[in-house]
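A quick write-up on the structure given underneath.
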Amino acid sequence: MDSYVSSPTFYFKLFSFSFQQMTITDLIQSATINAIQELYGETITPEQASITVTRKEFEGDFTIVTFPFTRFAKKKPGEIAEELGIHLVKNVPQLDRFNVVQGFLNLVVADSFWTDFLMQIAGNQDFGRLSKNGKKVMIEYCSPNTNKPLHLGHVRNILLGWSCSQICEAAGYDVVKVQVVNDRGIAICKSMLAWQKFGEGKTPESTGTKSDHFVGDYYVLFEQKFQEEYKAWQSSAAGQQVLDEKRKPEQSDEQFFKDFKNTYFNEYSALGREARDMLLRWEAGDPDTKALWQQMNQWVYDGFGKTYQALGVSFDKFYYESETYLLGKDIVEQGLASGVFYKKEDGSVWADLTDAKLDHKVVMRSDGTSVYITQDLGTAQVRYHDFGADKVVYVVADEQNYHFQVLFELLKRLGEPYAAGLHHLSYGMVDLPTGKMKSREGTVVDADDLIAEVIAEAREASKERGEITELSKTEQEDILRKIGLAALKFHIIKVGPQKRMVFDPKESVDLQGQTGPHIQYAYVRIKSVLRKAADLGIAPSAIRNPQSAIEPQERELIAQLYRFPATVETAATNYDPSEVANYCYDLAKAFHKFFTDLSILKAETEEAKAFRLQLCAAVANVLKTGMGLLGIEMPERM
RNA sequence: GGCCCCGUAGCUCAGCGGAUAGAGCAUCUGCCUUCUAAGCAGAUGGCCCCUGGUUCGAUUCCAGGCGGGGUCACCA
């Protein structure tokens, strides 16, 4: 029966000096297994002895459902619950009493257990951070193209990637954050060409434009000029001739030209030819082209850097596709030799993945050049060589689900040592209330605009409150920045990654209800009380007279705090920051309830004041840590 | 068409084998002679997409539908 005890999920670390301690639920669970053995002579598994948190309309902390035990106990659920309750309270010192409702056994944990726990975590800044597990996880996120600025989609990606990295770190991993930059290809050539033709030597400085937006503007300009050219061609004799020859009977003229756009770009367009020529010159290493490319990209990186800084995120290493796009060919050779790949008559190389319910997949073109996935194979290997990693997480939108299934399958078949630790953190696209974001229709929400907007909104709301007007201008701005970003970040991160989400700009700026600022506000209230207590000379203390019972609001808060380490752990194993977000909200909510129901500095006894202060301090600490895992900073006042 | 994801209050989302399914927003009603009302309490609002199956028990697991999205390029 030791087998389940040795499983790491049944432990978490309470203290910074690492020793492992069973949680109270594990204690109850193993005691339940013993009790069932003694009472009914039946051996049950931990899964069968499932413990849940008691619903708040009943008295108790934890609940055991006894229905499954009727099979062998040959008694009514209520009777079993009664017998089990007596046995557990007798054998588990941490349990004070129990009650039975239907077949549900509600267990009440002794006050002393909760106060002891609070004493243990008092003053421990690292509570919730698990000790190092000696493993490394590499997280790739953001991965932008360099032809235009970051938008709302990138923001979701960045927030997911960043908070995952923070959560993994808290869960004991070493973390390497990497970004793959798509800095080459036809898209950046379009920006380059438009700037070269129409830019008149302008620069971000000369126009006062944020430099990534400056480059993006030329990308847009290219599209405009191309559309003009295409429109003109459509009504020309040449265009009409193609229409007559190639239009399918069921197609309208308009539909035909819409579908024909790519072909036009590649085979007819003058601008298209110029852009493709530029790409060819780039690939040939033409110095002028390279210099222009470098200049444009540098502008973009400078601009991106500012956005990352505004969002409070960073990367340990950037990989550039211009340096990796030729990688992977040796892997293809090895794969051919080992029989993972096969070659077709035309010279193209394929993998047959049909037995893994996937398709045949090209890994090398017939002309010997590599495709997208070849490059990914190469990059995976290079990165592993650079850092080593037990787990590799790719934060990429769910439109690439199939791609990653194939990539992981290939890496597995190639026998890469990290293949078992690969994970695609797939997230749903972000929609607007008006529908999908479409760059062509100009409905894309720009990241920088969004950040500015949420801060402006916080400023507006702050004016009405007048709470921070005494502070210096810089302090005020710092607070407003924290509040605005908390609203934005929490609004996005609270949604489970897998779900496609609707982003309503109006709601993202809300400061009330289930929002980041609501949680910050709980923290600020605590900080305010702690300052006042210091002035009054009241020191926090978890020591409590055993005679005075803990209030339900206090108990609820402590029980919430108790769940924090386990929350961090599951969020890390699931790569799901929304679990931490929802936890923080629940904790803040419980605090606000406590705060309005019970007075801290005017509590009945000195001892109660000190105890509540200690509880508050612990809540503040967990809120700060938890929100920190989401990349959200806490202000001291608001 | 094959495969994958999603379907819970008017809206945005939690819950994912267990008790009468929860929050926030919106609508309505109360609570500031001060530990910050960005808060709290209450009211209103649900065939948990449908139909079967497994189970003592299904919103939760399985199968089949329906609706929405994605993806099936020698594109990235």
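Quick note on labels: first sequence line is chain A, next is B, and so on, each numbered from 1. Model, not experiment: these values are computed from the prediction.
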Phosphate OP1/OP2 of [N] contacted by [X] side-chain N/O (<4.0 Å):
X        : N     : value
A/Lys593 : B/G39 : no
A/Arg500 : B/G69 : no
A/Lys506 : B/C25 : no
A/Lys499 : B/U12 : no

In whole Å, I'd like the distance from the [atom1] atom of [X] to the [atom2] atom of [N].
X        : N     : atom1 : atom2 : result
A/Gln553 : B/C40 : CD    : C1'   : 11 Å
A/Ile600 : B/G39 : CD1   : P     : 17 Å
A/Asn266 : B/A73 : CG    : C1'   : 13 Å
A/Phe104 : B/G57 : CZ    : P     : 14 Å
A/Asn145 : B/C75 : CG    : C1'   : 12 Å
A/His518 : B/C13 : NE2   : P     : 19 Å
A/Asn401 : B/C3  : CG    : P     : 15 Å
A/Asn262 : B/A76 : CG    : P     : 13 Å

For [X], report the nucleic acid contact type (base, sugar-phosphate, nothing); a contact means any heavy atom under 4.0 Å.
X        : value
A/Pro68  : base
A/Ile64  : nothing
A/Leu358 : nothing
A/Thr63  : base

Below 4.0 angstrom, N of the basic side chain to O of the carboxylate: do A/Asp398 and A/Arg500 qualify?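 Here A/Asp398 does not pair with A/Arg500 in a salt bridge, since their nearest N and O are not under 4.0 Å apart.
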Does A/Asp478 pair with A/Lys482 as a salt bridge, N-O distance under 4.0 Å?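 A salt bridge links A/Asp478 with A/Lys482.
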Pairing nucleotide - B/G10, Watson-Crick or G-U, each distance under 3.5 Å: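 By the stated definition (distances under 3.5 Å), B/C25 pairs with B/G10.
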Once you apply the 3.5 Å cut-off to both distances, tell me the Watson-Crick or G-U wobble partner of B/C40, or none.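 Paired with B/C40, as far as the under-3.5 Å criterion goes, is B/G30.
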Going by a 90° cut-off around 0, is B/C32 syn or anti?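 Syn, since the glycosidic angle lies within 90° of 0.
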N/O donor-acceptor pair under 3.5 Å between [X] side chain and [Y] backbone:
X        : Y        : result
A/Asn147 : A/Ser191 : no
A/Thr54  : A/Phe62  : yes
A/Glu556 : A/Phe591 : no

Could you check which of B/A38, B/G18, B/A76 has an atom nearest any side-chain atom of A/Arg465?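 Taking heavy atoms from C-beta onward, the closest nucleotide is B/A38.
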Looking at B/C35 and A/Phe595: do their rings stack (centroid distance under 5.5 Å, interplanar angle under 30°)?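 Stacked: ring centres under 5.5 Å, planes under 30°.
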